[in-house]
Amino acid sequence: QVQLVESGGGLVQAGGSLRLSCAASGITFSIFHLGWYRQPPGKQRELVASITTGDSTTYTDSVKGRFTISRDNAKNTVYLEMNSLTPDDTAVYYCNAARSPSSNYWGQGTQVTVSS
């Protein structure tokens, strides 16, 4: 049984910060690449940030300099630190763990709402 459970979402004012967490079980965490995706209301899901098994990171342009993805293999957890939030960051945020198309798992999502 593979489970990815996100937490840390909520309501925050523009300019504020949140840290999202995603705790995994049922996988050998250290050999999975990880990502954070988000889906704003009425829009398609997009990749926000990723981190490889070797700790290489990527970010979509809109969050560069504001968001930081990190992983703690000892805790089977991936984090997304979000700073200087704007209403455009409002979305459901999902974590993903992947090794291959047949080994690709998603969390249930956590809501982030940024007010103006």
Side-chain angles (χ1 to χ4, degrees):
Q1 279 287 330
V2 176
Q3 286 192 314
L4 301 175
V5 180
E6 299 98 334
S7 62
L11 176 64
V12 65
Q13 293 187 22
S17 299
L18 287 172
R19 189 181 76 165
L20 306 183
S21 300
C22 175
S25 60
I27 62 171
T28 304
F29 186 83
S30 62
I31 65 173
F32 277 73
H33 304 302
L34 304 168
W36 283 97
Y37 293 73
R38 68 185 181 188
Q39 187 166 22
K43 297 183 178 181
Q44 294 184 346
R45 184 171 57 190
E46 65 175 346
L47 177 64
V48 177
S50 65
I51 185 166
T52 69
T53 56
D55 284 349
S56 296
T57 59
T58 62
Y59 300 91
T60 192
D61 285 345
S62 63
V63 310
K64 287 180 180 176
R66 300 189 298 120
F67 290 12
T68 302
I69 188 171
S70 61
R71 66 191 296 164
D72 187 338
N73 290 339
K75 296 182 178 179
N76 285 1
T77 301
V78 59
Y79 304 95
L80 185 68
E81 180 72 33
M82 305 186 295
N83 299 311
S84 301
L85 287 162
T86 79
D88 287 342
D89 296 315
T90 294
V92 178
Y93 284 72
Y94 300 89
C95 65
N96 172 266
R99 276 185 53 78
S100 71
S102 62
S103 186
N104 185 15
Y105 305 102
W106 294 90
Q108 83 290 346
T110 186
Q111 177 70 49
V112 172
T113 303
V114 184
S115 65
S116 60

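Bear in mind that the values here come from a model prediction, so they are computed numbers and not experimental data.
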* Asked: Is there a path from Ile31 to Ile69 through hydrophobic residues (I, L, V, M, F, W, Y) whose side chains come within less than 4.5 Å of each other?
  -> yes
* Asked: Tell me the disulfide (SG to SG under 2.5 Å) pairs involving residues 51-81, sequence neighbours left out?
  -> none
* Quick one: side chain to side chain donor-acceptor pair (under 3.5 Å) partners of Ser116, sequence neighbours excluded? -> none
Below 3.5 Å, can you tabulate the donor-acceptor pairs from side chains in residues 72-82 to any protein atom, sequence neighbours excluded?
| unit_1 | atom_1 | unit_2 | atom_2 | d |
| --- | --- | --- | --- | --- |
| Asp72 | OD1 | Ala74 | N | 3.1 |
| Asp72 | OD1 | Lys75 | N | 3.4 |
| Asn73 | OD1 | Arg71 | NE | 2.9 |
| Asn73 | OD1 | Arg71 | NH2 | 3.4 |
| Thr77 | OG1 | Lys75 | O | 2.8 |

* **All pairs passing ring-ring contact (aromatic ring centres under 6.0 Å, His included) where residues 46-65 contributes a residue, at least two apart** => none
* Residue list, side chain to side chain donor-acceptor pair (under 3.5 Å) with Arg66, at least two apart or on another chain -> Asp89
* Asked: Can you list every disulfide (SG to SG under 2.5 Å) pair that touches residues 26-94, not counting sequence neighbours?
  -> none
* Check the side chains of Ser50 and Thr58 for a donor-acceptor pair under 3.5 angstrom, ignoring hydrogens and angles. => yes
* According to the disulfide (SG to SG under 2.5 Å) rule, which pairs have a member within residues 20-50, sequence neighbours left out? -> Cys22-Cys95
* **Heavy-atom pair of closest approach, residues Asn104 and Pro101** => CB-O, 3.9 Å
* Answer whether the closest heavy-atom distance between the side chains of Leu34 and Phe29 falls below 4.5 Å. => yes
* **Closest non-hydrogen atom pair between Arg99 and Phe32, with its separation** => CD-CE1, 3.6 Å
* To do: Please list, chain by chain and in numerical order, all residues satisfying side chain to side chain donor-acceptor pair (under 3.5 Å) with Ser17, sequence neighbours excluded.
  => Asn83
* Asked: Other hydrophobic cluster members with Val92, side-chain heavy atoms of Ile/Leu/Val/Met/Phe/Trp/Tyr under 4.5 Å, chained?
  -> Tyr37, Leu47, Tyr94, Trp106
* Determine which pairs satisfy salt bridge (charged side-chain N to carboxylate O under 4.0 Å, His left out) with at least one residue from residues 43-56, sequence neighbours left out, and list them in order. => Arg38-Glu46
* Taking all non-hydrogen atoms of both residues into account, name the closest pair between Ala91 and Tyr93 and its distance. => O-CD1, 3.4 Å
* Structure fact -> Between Gly9 and Leu20 the two heavy atoms that sit nearest each other are N-CD2, 3.6 Å
* Asked: Between Val2 and Gly26, what is the shortest heavy-atom contact and its length?
  -> CG2-O, 3.7 Å
* side chain to side chain donor-acceptor pair (under 3.5 Å) against Gln111, all qualifying residues, sequence neighbours excluded -> Thr113
* Structure fact -> Besides Leu11, the hydrophobic cluster formed by Ile, Leu, Val, Met, Phe, Trp and Tyr side chains linked at under 4.5 Å, directly or via other members, contains none
